[in-house]
Asks: 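Below are the structure tokens for one structure; questions will follow.
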Amino acid sequence: MTGISKEEESVTLELLRKKMEDFAKERDWEKFHSPRNLLLALVGEVGELSEIFQWKGEVPKGLPDWNEKEKLHLGEELSDVLLYLVRLSDICGIDLGKAALRKVELNAIKYPVNLCKSSSNKCNDEAGN
């Protein structure tokens, strides 16, 4: 056994949302979690995430040259970004999972396979997009 609970094996956005809500309630931090404050905290965390990559140049998929300490730090900063995003969406009354699925569907329409396959250019039928 790895020490991971059944709950942790299947992490969902709803589980994270609830854990963040409970975390804030337990500390009486809800009064500080306005959309503005959460957005600014999220931006700060994205900045910290960016610093990790700032001087590394291009990094290959899988981070083969990174040591475990670097990967652990990256995981922590990615988690901070995710958790603030989940909390912000909750405070704004947005179902992040549904919104993300809808966005994937919209992107599939905006960037059809037959026009965009193997191209990094923004390609679609509409000029100027």
Side-chain angles (χ1 to χ4, degrees):
M1 190 71 181
T2 62
I4 296 175
S5 70
K6 193 69 169 167
E7 181 181 77
E8 292 169 325
E9 287 179 15
S10 56
V11 176
T12 64
L13 290 176
E14 177 56 25
L15 174 63
L16 294 176
R17 186 205 64 75
K18 180 68 174 137
K19 285 192 173 285
M20 291 301 293
E21 178 183 52
D22 292 346
F23 185 87
K25 279 182 183 176
E26 290 167 357
R27 288 157 182 79
D28 194 25
W29 286 357
E30 292 176 298
K31 59 189 164 208
F32 306 117
H33 285 190
S34 67
R36 176 191 170 276
N37 288 351
L38 290 168
L39 176 61
L40 292 175
L42 174 62
V43 168
E45 294 300 338
V46 170
E48 291 180 23
L49 178 60
S50 299
E51 287 176 353
I52 294 173
F53 290 92
Q54 187 172 7
W55 305 114
K56 290 194 179 283
E58 281 302 318
V59 176
K61 184 177 180 177
L63 314 176
D65 300 327
W66 290 34
N67 64 44
E68 284 308 307
K69 185 177 177 184
E70 290 173 311
K71 289 180 181 181
L72 182 63
H73 184 215
L74 176 60
E76 290 170 356
E77 296 305 333
L78 286 166
S79 296
D80 286 341
V81 170
L82 175 62
L83 293 172
Y84 272 117
L85 184 61
V86 166
R87 183 71 175 147
L88 176 60
S89 67
D90 185 32
I91 292 299
C92 291
I94 302 296
D95 182 321
L96 188 58
K98 287 180 182 175
L101 287 175
R102 180 175 181 274
K103 186 61 177 175
V104 168
E105 291 170 4
L106 291 172
N107 284 344
I109 293 165
K110 187 174 182 178
Y111 304 108
V113 172
N114 63 324
L115 294 178
C116 301
K117 191 166 187 164
S118 295
S119 174
S120 63
N121 296 327
K122 290 206 170 202
C123 48
N124 57 36
D125 288 332
E126 300 176 33
N129 286 332

Asks: Tell me, do Y111 and L106 make a side-chain contact under 4.5 Å, heavy atoms counted?
Replies: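 Not in contact.
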Asks: Whether D28 and K31 form a salt bridge (side-chain N of Lys/Arg under 4.0 Å from carboxylate O of Asp/Glu) is what I want to check.
Replies: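 A salt bridge links K31 with D28.
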Asks: Output the distance between atom NZ (K71) and atom CD (E76), rounded to the nearest 0.5 Å.
Replies: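 Going from the NZ atom of K71 to the CD atom of E76 covers 15.0 Å.
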Asks: Describe, in one word, how the ring planes of F23 and W29 are oriented to each other, choosing from parallel (under 30°), tilted (30 to 60°) and perpendicular (over 60°).
Replies: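 Because their plane-to-plane angle is over 60°, the rings of F23 and W29 count as perpendicular.
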Asks: With rounding to the nearest 0.5 angstrom, report the CD to CD distance, E77 to E51.
Replies: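 Reported value, rounded in 0.5 Å steps: 8.5 Å.
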Asks: So which heavy atom on I91 is nearest to which on H33, and how close?
Replies: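 Smallest interatomic distance, heavy atoms only, reads CG2-O, 3.5 Å.
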Asks: Answer with yes or no whether the hydrophobic clustering places I94 together with L88; edges join I, L, V, M, F, W, Y residues whose side-chain heavy atoms lie under 4.5 Å apart.
Replies: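 No, I94 and L88 fall in different hydrophobic clusters.
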Asks: Are K18 and E14 within salt-bridge range, i.e. N to O under 4.0 Å?
Replies: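 Judged by the 4.0 Å cut-off on N to carboxylate O distance, K18 and E14 do not form a salt bridge.
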Asks: With a 4.0 Å cut-off on N to O distance, would you call R87 and D90 a salt bridge?
Replies: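 Salt bridge between R87 and D90, a charged N being under 4.0 Å from a carboxylate O: yes.
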Asks: Kindly give the heavy-atom pair with the smallest separation between N67 and K69, and that separation in Å.
Replies: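 For N67 and K69, the tightest heavy-atom pair comes out as OD1-N, 3.0 Å.
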Asks: CG of L38 to CZ of F32: how many Å apart, nearest 0.5 Å?
Replies: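 One finds 12.0 Å between CG of L38 and CZ of F32.
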Asks: Apply the side-chain contact (heavy atoms from CB on, under 4.5 Å) test between L82 and each candidate in L96, L16, L42; give the one that qualifies.
Replies: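 Passing option: L16.
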Asks: Return yes when atom CZ of R27 has more than 12 non-hydrogen atoms of other residues, nucleotides or ligands closer than 6.0 Å, and no otherwise.
Replies: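 Yes, the 6.0 Å shell around CZ holds more than 12 heavy atoms from other groups.
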Asks: So, the side chain of S119 versus the backbone of C116: is there a donor-acceptor pair under 3.5 Å, distance only?
Replies: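 Absent.
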Asks: Please round to the nearest 0.5 Å and tell me the distance separating atom CZ of R17 and atom CG of L85.
Replies: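 One finds 14.0 Å between CZ of R17 and CG of L85.
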Asks: Does K103, at its NZ atom, have more than 12 non-hydrogen atoms belonging to other residues, nucleotides or ligands within less than 6.0 Å?
Replies: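 Check fails, neighbour count at 12 or below.
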Asks: Could you walk me through whether V59 and W66 satisfy the side-chain contact (heavy atoms from CB on, under 4.5 Å) test, starting with their C-alpha distance in whole Å, then the side-chain angles of each, then the deciding distance to 0.1 Å, before giving a yes or no?
Replies: CA-CA 9 Å; V59 176; W66 290 34; 3.6 Å; yes
Asks: Report yes if some heavy atom in the side chain of K19 is under 4.5 Å from a heavy atom in the side chain of L15; otherwise report no.
Replies: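 K19 reaches L15 side chain to side chain.
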Asks: Any side-chain heavy-atom pair from L74 and L63 closer than 4.5 angstrom?
Replies: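 Side chain of L74 against side chain of L63, heavy atoms only: contact under 4.5 Å found.
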Asks: State the CG-NE2 distance between L78 and H73, to the nearest 0.5 angstrom.
Replies: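 It comes to 10.0 Å.
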Asks: Mind checking the CG-OG spacing from L40 to S34? Nearest 0.5 Å is all I need.
Replies: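 Reported value, rounded in 0.5 Å steps: 8.0 Å.
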